[in-house]
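Only heavy atoms go into these numbers, but all of them, side chains included; no hydrogens, no water, no symmetry mates.
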Amino acid sequence: MPGNKEKRNKEKTIPTKESDELWLDLENETLKNKKLHYQMHTLTKIVPRPLVLNGPSGCGKSTLVKLLMKEHPNRFSFSVSHTTRKPRKGEKDGVHYHYTSKEQFEQDMMDKKFIETAEVHGNYYGTSIKSIQDVQKKMLIPILDLNIDGAVSIKTIDYLSPHLVFITAPSLQELEKRLRGRGTETEQQIQVRLKTAKKELDWVKTHPDFYHQIIINDNLQIAFNELFGVVKDDLNLLNK
């Protein structure tokens, strides 16, 4: 009967306490997600994301960075590394390096304050999280030339949200040609660099999704355009 059918339809639309609570939970969750999205978007606007570059010696990282800084002055800066070696004549603390004691450096390593460290000729060198944040406070994009271990380390620090870029030459043969053409390395150094390059390239092949961009520097202008594409949105935000 029509009356009974209408009654049944009305009964289906009557909300229960449980359904009200469910929709309220869903609405609250949506609001929380929107708030979180807003906070993350605002944070991205305020804090420049570090640009992390990996790649073997001779791939052209330095040339590309110089072009980037020339095209966009006062938008990028290298972070200042820490070292336990003594300052050389003309060097200033906080400008060339943050000079510190071996004991303090080792304590900072234990406290996980460094992204990357190395020991060279008995002295420690390291890139600290604070040095990156110091650049960010100036509203500049930090540029970091790290090894792969350093890139893996910084990727685990969610709040830094770095851009990860690997740059390489078209082949190991081309890389060797560039290294020899520089005339700055001994034969032994060239062989060490080539051995390291092969390990890096093998690692990238087994971790294809680790980087946001892999640039094969065969043509300088094309490589530059690809690198610029990584930071384009960040530059637009900083220029507003």
At what distance, to the nearest 0.5 angstrom, does [atom1] of [X] lie from [atom2] of [Y]?
{"X": "K177", "Y": "L172", "atom1": "NZ", "atom2": "CG", "value": "14.5 Å"}
{"X": "I154", "Y": "D149", "atom1": "CD1", "atom2": "CG", "value": "13.5 Å"}
{"X": "Q221", "Y": "L64", "atom1": "CD", "atom2": "CG", "value": "10.0 Å"}
{"X": "R49", "Y": "H163", "atom1": "CZ", "atom2": "NE2", "value": "4.0 Å"}
{"X": "H72", "Y": "L140", "atom1": "NE2", "atom2": "CG", "value": "14.0 Å"}
{"X": "L179", "Y": "E187", "atom1": "CG", "atom2": "CD", "value": "10.5 Å"}

Who are the side-chain hydrogen bond (donor to acceptor under 3.5 Å, both in side chains) partners of D111, not counting sequence neighbours?
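Result, side-chain hydrogen bond (donor to acceptor under 3.5 Å, both in side chains) vs D111: Q107.
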Sequence-distant partners of E71, side-chain hydrogen bond (donor to acceptor under 3.5 Å, both in side chains), two or more places apart:
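Applying side-chain hydrogen bond (donor to acceptor under 3.5 Å, both in side chains) to E71 gives none.
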Report yes if the side chains of [X] and [Y] come closer than 4.5 Å at any heavy-atom pair, otherwise no.
{"X": "N217", "Y": "I222", "answer": "no"}
{"X": "Q136", "Y": "L160", "answer": "yes"}
{"X": "V52", "Y": "V165", "answer": "no"}
{"X": "I215", "Y": "T168", "answer": "no"}
{"X": "T63", "Y": "L220", "answer": "yes"}
{"X": "K195", "Y": "Q191", "answer": "no"}
{"X": "V152", "Y": "F210", "answer": "yes"}
{"X": "P170", "Y": "I216", "answer": "yes"}

If the condition is side chain to side chain contact (heavy atoms under 4.5 Å, CB included), which residues does T196 pass it with, not counting sequence neighbours?
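T196 satisfies side chain to side chain contact (heavy atoms under 4.5 Å, CB included) with V192, E200 only.
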Are there more than 12 heavy atoms of other residues, nucleotides or ligands under 6.0 Å from atom CD of Q188?
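Counting neighbours around CD of Q188, 12 or fewer heavy atoms of other residues, nucleotides or ligands fall under 6.0 Å, so no.
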Contacts of type salt bridge (Lys or Arg N to Asp or Glu O under 4.0 Å), residue [X], not counting sequence neighbours:
{"X": "K102", "value": "none"}
{"X": "E176", "value": "R180"}
{"X": "E174", "value": "R178"}
{"X": "K198", "value": "D202"}

Does anything in residues 130-142 pair up under salt bridge (Lys or Arg N to Asp or Glu O under 4.0 Å), and if so which pairs, sequence neighbours excluded?
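Every salt bridge (Lys or Arg N to Asp or Glu O under 4.0 Å) pair that includes a residue of residues 130-142, provided the two are not neighbours, is K130-D134.
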Do [X] and [Y] share a hydrophobic cluster, counting only Ile, Leu, Val, Met, Phe, Trp and Tyr and linking them when any side-chain heavy atoms are less than 4.5 Å apart?
{"X": "L68", "Y": "I167", "value": "yes"}
{"X": "V230", "Y": "M69", "value": "yes"}
{"X": "L144", "Y": "Y159", "value": "yes"}

Verdict with reasoning, L164 to L53, per side-chain contact (heavy atoms from CB on, under 4.5 Å):
CA-CA 6 Å; L164 300 165; L53 303 178; over 6 Å; no
Donor-acceptor pair, E91 side chain versus R88 backbone, under 3.5 Å?
yes
Taking W203's backbone N and O only, do any of them form a donor-acceptor pair with T206's side chain (distance below 3.5 Å, no angle check)?
yes
Quick one: do D234 and L51 satisfy side-chain contact (heavy atoms from CB on, under 4.5 Å)? Show the steps, please.
CA-CA 10 Å; D234 299 69; L51 175 60; over 6 Å; no
If you apply the rule side-chain contact (heavy atoms from CB on, under 4.5 Å), what do you find for I143 with V65, and how did you get there?
CA-CA 8 Å; I143 296 179; V65 167; 3.9 Å; yes
Side chains of residues 54-62: which donor-acceptor partners sit under 3.5 Å, not counting sequence neighbours?
residue : atom : partner : partner atom : Å
N54     : OD1  : Y211    : OH           : 2.6
N54     : ND2  : L146    : O            : 2.7
N54     : ND2  : N147    : O            : 3.4
S57     : OG   : R193    : NH1          : 2.9
K61     : NZ   : G55     : O            : 2.6

Hydrophobic cluster of Y99, others only, ordered by chain and residue number, side-chain cut-off 4.5 Å:
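Besides Y99, the hydrophobic cluster comprises Y97, V120, Y125, listed by chain and residue number.
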When Ile, Leu, Val, Met, Phe, Trp and Tyr are grouped by side-chain heavy atoms lying under 4.5 Å apart, directly or through other members, which residues fall in the same group as F114?
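F114 shares its hydrophobic cluster with F105, M109, Y124.
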Please list, one pair per line, the donor and acceptor atoms closer than 3.5 Å that link side chains of residues 73-82 to other protein atoms, with sequence neighbours excluded.
residue : atom : partner : partner atom : Å
R75     : NE   : N239    : OD1          : 3.0
R75     : NH2  : L238    : O            : 3.1
R75     : NH2  : N239    : OD1          : 3.2

Pair I132, I115 - check side-chain contact (heavy atoms from CB on, under 4.5 Å), show working.
CA-CA 10 Å; I132 297 170; I115 290 170; 3.1 Å; yes
Taking atom types as modelled, is there a side-chain donor on Q104 or D108 under 3.5 Å from an acceptor on the other?
yes
